[in-house]
Amino acid sequence: MVLLHVLFEHAVGYALLALKEVEEISLLLPQVEECVLNLGKFHNVVRLVAFCPFSSSQVALENANAVSEGVVHEDLRLLLETYLPSKKKKVLLGVGDPKIGAAIQEELGYNCQTGGVIAEILRGVRLHFHNLVKGLTDLSACKAQLGLGHSYSRAKVKFNVNRVDNMIIQSISLLDQLDKDINTFSMRVREWYGYHFPELVKIVNDNATYCRLAQFIGNRRELNEEKLEKLEEITMDRAKAKAILDASRSSMGMDISAIDLINIESFSSRVVSLSEYRQSLHTYLRSKMSQVAPSLSALIGEAVGARLIAHAGSLTNLAKYPASTVQILGAEKALFRALKTRGNTPKYGLIFHSTFIGRAAAKNKGRISRYLANKCSIASRIDCFSEVPTSVFGEKLREQVEERLSFYETGEIPRKNLDVMKEAVVQAEEAAAEITRKLEKQEKKRLKKEKKRLAALALASSENSSTPEECEEVNEKSKKKKKLKPQENGMEDPPVSLPKSKKKKAPKEELASDLEEMATSSA
C-alpha cells in the first residue's frame, strides 16, 4: 500500500501531512470536496505529521524564493528526510507546484504528484491550517502571509534584471509620442499664425524655429530693423532674417486682434517648451543607452537600439532572439500578411531606420539588412552578458558593416571576422581595466567622504550629549584655577577674610533695650 503524504508551504513554515485511507480517497473525489469544508470530517482524512517553522522572516523569504524557482532548500530537505519513511518507493508525496515536485523527485528520489485530489486536499489544509497547528491563530497566520508577500514582492522588484531596460523602454516610447505631439501642435501653430503672416511658412521649414518666430514676432506690423539681430539669432541665418523682415512689410495676411495674438503666443511657447524637453529627454536616452547597451548604440545608434529593446521587451529578450528575428522585428504584420497571401516576406523591420540600409543600393538592401541584423544580435549579447560595458565591440562591428557596404559597391574584400574580433578583445580589455580603475577611484573618494561625515556626526553627538551639570562643574573648576593663579605666582597676598558686620537694629528694638537698662540700674 502506498503511503500518501502532502507537503504544504506556508508563510510560517513547512507542514507535512499524512492521509488516511488512501485507496478510498483516491477513488472518491466528490467526497473529498465535501469533507474539505467540514473541519471534523477533514480531521478524519488528514493528520499532521510534522511542522517546521521558520526561525525569522529572512529565512521565510529565502525558502519562498527557493520554492518559486523550483529549488529544494536545506530546511525542506531536512524535513522530508527526517519525517518521510526510508522506503522511498512506497511513498507518494503530493505537492502544489510541479517545479518543486520535479526538483524533489530528482534530488531526493520521492515520487511526487500534483493536481486532482492533491489540489483539493491542499485547499482544505489552507483553509484549516491554523486549526491543524497548535499555537497558531488565524490572525497571526494572515499577518505572516502579508509580511512575506510584501518582502517577496519587494525583493522581486529590487533584483529585477530588466529594471534598467524599463527606463529605456519608457524613454523611447515618450520620445516617439512627443515627436507626434510636437508635429501636430506645430501644424496647428502654422495654420493659426498663417492667417496673419502666411509668407513665414515658406521661409522657415523647421517646426520649433517657426514656433519661436511666431512667439517673438507677434504682430508683423511691429517688426522693424531693431529686431533684425534677434531674428538672426533665432534663425541662425542672416539671409533668412532679412527675408522675414522684407516679407512682413509686404505681407498679404489679415489683421488680427491683440487677444488672438496672445493666444497664439501662449500656444507657441508651449510647443517651444515641449521641443526643449524633447531635446533633454533625447540626451537622457543617449546617456542611458551608453550605460546599458554601449555596443548596440555604437553600431546602429541610440534611437534604433532603444526601439529594438522596447519591441523585444528587454535587452535579455533581444539577446535571446536569433538574427533572423532581429531582422524583421517590427514588421510582424507584413510578415504574416505575406505568409497568408504567399507573397514576398519583408526584408527589414525596425533596423530600416539605421543609415546603412538607406545608403545601400536597391539590390543590396536585403543583403545588408541580413548582415546588419547578424551584427546587432552579436552586439546585444555582448551588452547583456559582459561584466564591464564598453563600446569597443560596437565600434568594430560598425567598421565591419561599413566594409561590407564598400564591398557591395566597389568589390573591395573586407577583413576577416576573426582578425577584427581579436583586435576588439585586446582593446576591450584595456578599456575595461581603465573603467575599473576609475570606478575604484570613485569608490575610494566616496568612502573618504563618508568617513569624514561620520566623524563629524560623532563629534556633534558627543558635544550634544554633555549635560548642564557637567558644564557647571567645568565652569567652577575654571574659576578656581583663576583664583589660584595669583597665589602660585606670588604676586599678591591671599585675601584676608573679614568678619561679617552685624546688622543694625531697628529703632523700636533700641528703645526697648534702653528701658531695660534703666530699670536694672534703678533696682
Side-chain angles (χ1 to χ4, degrees), residues 5-19 33 35-40 42-43 45-84 93-108 110 112-115 117-167 170 313-314 316:
H5 291 74
V6 174
L7 175 68
F8 180 68
E9 309 94 2
H10 196 270
V12 294
Y14 292 115
L16 189 64
L17 304 105
L19 273 74
E33 292 177 359
C35 76
V36 161
L37 301 173
N38 193 339
L39 181 60
F42 193 69
H43 271 299
V45 175
V46 177
R47 174 177 60 86
L48 183 67
V49 176
F51 175 64
C52 176
F54 298 133
S55 58
S56 64
S57 59
Q58 185 64 32
V59 177
L61 180 60
E62 290 175 6
N63 280 272
N65 286 325
V67 169
S68 67
E69 292 167 7
V71 178
V72 181
H73 197 268
E74 287 299 322
D75 296 343
L76 180 58
R77 183 193 295 272
L78 184 63
L79 174 72
L80 296 177
E81 289 178 348
T82 305
Y83 291 101
L84 282 178
L93 183 64
V95 293
D97 189 7
K99 285 169 67 178
I100 194 69
I104 291 169
Q105 192 165 356
E106 183 181 349
E107 294 186 26
L108 302 178
Y110 293 106
C112 296
Q113 181 182 342
T114 56
V117 177
I118 303 300
E120 291 297 326
I121 295 297
L122 286 173
R123 188 164 67 90
V125 173
R126 197 176 294 111
L127 184 63
H128 305 296
F129 186 68
H130 59 280
N131 294 317
L132 294 171
V133 179
K134 290 182 180 179
L136 183 68
T137 61
D138 190 17
L139 183 62
S140 60
C142 289
K143 284 183 178 179
Q145 285 177 331
L146 186 64
L148 181 61
H150 279 291
S151 302
Y152 182 77
S153 302
R154 197 178 297 113
K156 282 291 181 186
V157 171
K158 186 178 179 180
F159 298 108
N160 182 15
V161 294
N162 301 326
R163 64 184 183 277
V164 186
D165 304 349
N166 293 335
M167 302 298 109
Q170 296 299 328
S314 67
T316 310

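No hydrogens, no waters, no symmetry mates; every other heavy atom, side chains included, goes into these values. Note that the structure is predicted; figures quoted are calculated from it, not measured.
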[atom2] on [Y] to [atom1] on [X], rounded to 0.5 Å:
{"X": "Leu16", "Y": "Arg47", "atom1": "CG", "atom2": "CZ", "result": "9.5 Å"}
{"X": "Asp138", "Y": "Asn131", "atom1": "CG", "atom2": "CG", "result": "8.0 Å"}
{"X": "Phe51", "Y": "Lys134", "atom1": "CZ", "atom2": "NZ", "result": "13.5 Å"}
{"X": "Cys142", "Y": "Leu146", "atom1": "SG", "atom2": "CG", "result": "9.0 Å"}
{"X": "Lys143", "Y": "Leu148", "atom1": "NZ", "atom2": "CG", "result": "16.0 Å"}
{"X": "Asn65", "Y": "Tyr152", "atom1": "CG", "atom2": "OH", "result": "6.0 Å"}

Minimum heavy-atom separation for [X] to [Y], with atom names?
{"X": "Leu132", "Y": "Leu48", "answer": "O-CD2, 3.5 Å"}
{"X": "Cys112", "Y": "Gln105", "answer": "N-OE1, 3.9 Å"}
{"X": "Ala11", "Y": "Ala60", "answer": "O-CB, 3.9 Å"}
{"X": "Ser314", "Y": "Asp165", "answer": "CB-OD2, 3.6 Å"}
{"X": "Ile100", "Y": "Asp97", "answer": "CG2-O, 3.2 Å"}
{"X": "Leu7", "Y": "Glu9", "answer": "CD2-OE2, 3.9 Å"}

Any side-chain heavy atom of Val12 sitting closer than 4.5 Å to one from Val133?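 The answer is no, as the side chains (C-beta and beyond) never meet within the 4.5 Å cut-off.
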When you compare the side chain of Leu93 with that of His5, does any pair of heavy atoms fall below 4.5 Å?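 In short, these two side chains touch, coming nearer than 4.5 Å.
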With sequence neighbours left out, write down each residue that passes salt bridge (charged side-chain N to carboxylate O under 4.0 Å, His left out) with Arg77, or none if nothing qualifies.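 Salt bridge (charged side-chain N to carboxylate O under 4.0 Å, His left out) list for Arg77, sorted by chain: Glu74, Glu107.
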Could you work out, with ring pair (Phe, Tyr, Trp, His ring centres under 6.0 Å) as the rule, every residue matching Tyr110, not counting sequence neighbours?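 Residues passing ring pair (Phe, Tyr, Trp, His ring centres under 6.0 Å) with Tyr110: none at all.
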For the backbone of Leu136 and the side chain of Ser140, can you confirm whether one donor and one acceptor N or O come within less than 3.5 Å of each other?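 Checking the backbone N and O of Leu136 against the side chain of Ser140, no donor-acceptor pair under 3.5 Å is found.
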side-chain contact (heavy atoms from CB on, under 4.5 Å) between Leu17 and Ile121, worked out: CA-CA 10 Å; Leu17 304 105; Ile121 295 297; over 6 Å; no
Passing candidate, side-chain contact (heavy atoms from CB on, under 4.5 Å) with Val6, options Val95, Val49, Leu19: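 Testing each of Val95, Val49, Leu19 against Val6, the sole residue satisfying side-chain contact (heavy atoms from CB on, under 4.5 Å) is Leu19.
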Using side-chain contact (heavy atoms from CB on, under 4.5 Å), reason through Tyr83 and Cys52 one step at a time and then give a plain yes or no. CA-CA 11 Å; Tyr83 291 101; Cys52 176; over 6 Å; no
Whether Phe8 and Phe129 hold their rings parallel, tilted or perpendicular, with breakpoints at 30° and 60°: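 Ring orientation, 0 to 90° scale: tilted.
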List the steps, then state whether side-chain contact (heavy atoms from CB on, under 4.5 Å) holds for Tyr14 with Leu78. CA-CA 11 Å; Tyr14 292 115; Leu78 184 63; over 6 Å; no
Test log, rule side-chain contact (heavy atoms from CB on, under 4.5 Å), inputs Gln145 and His10: CA-CA 8 Å; Gln145 285 177 331; His10 196 270; 3.2 Å; yes
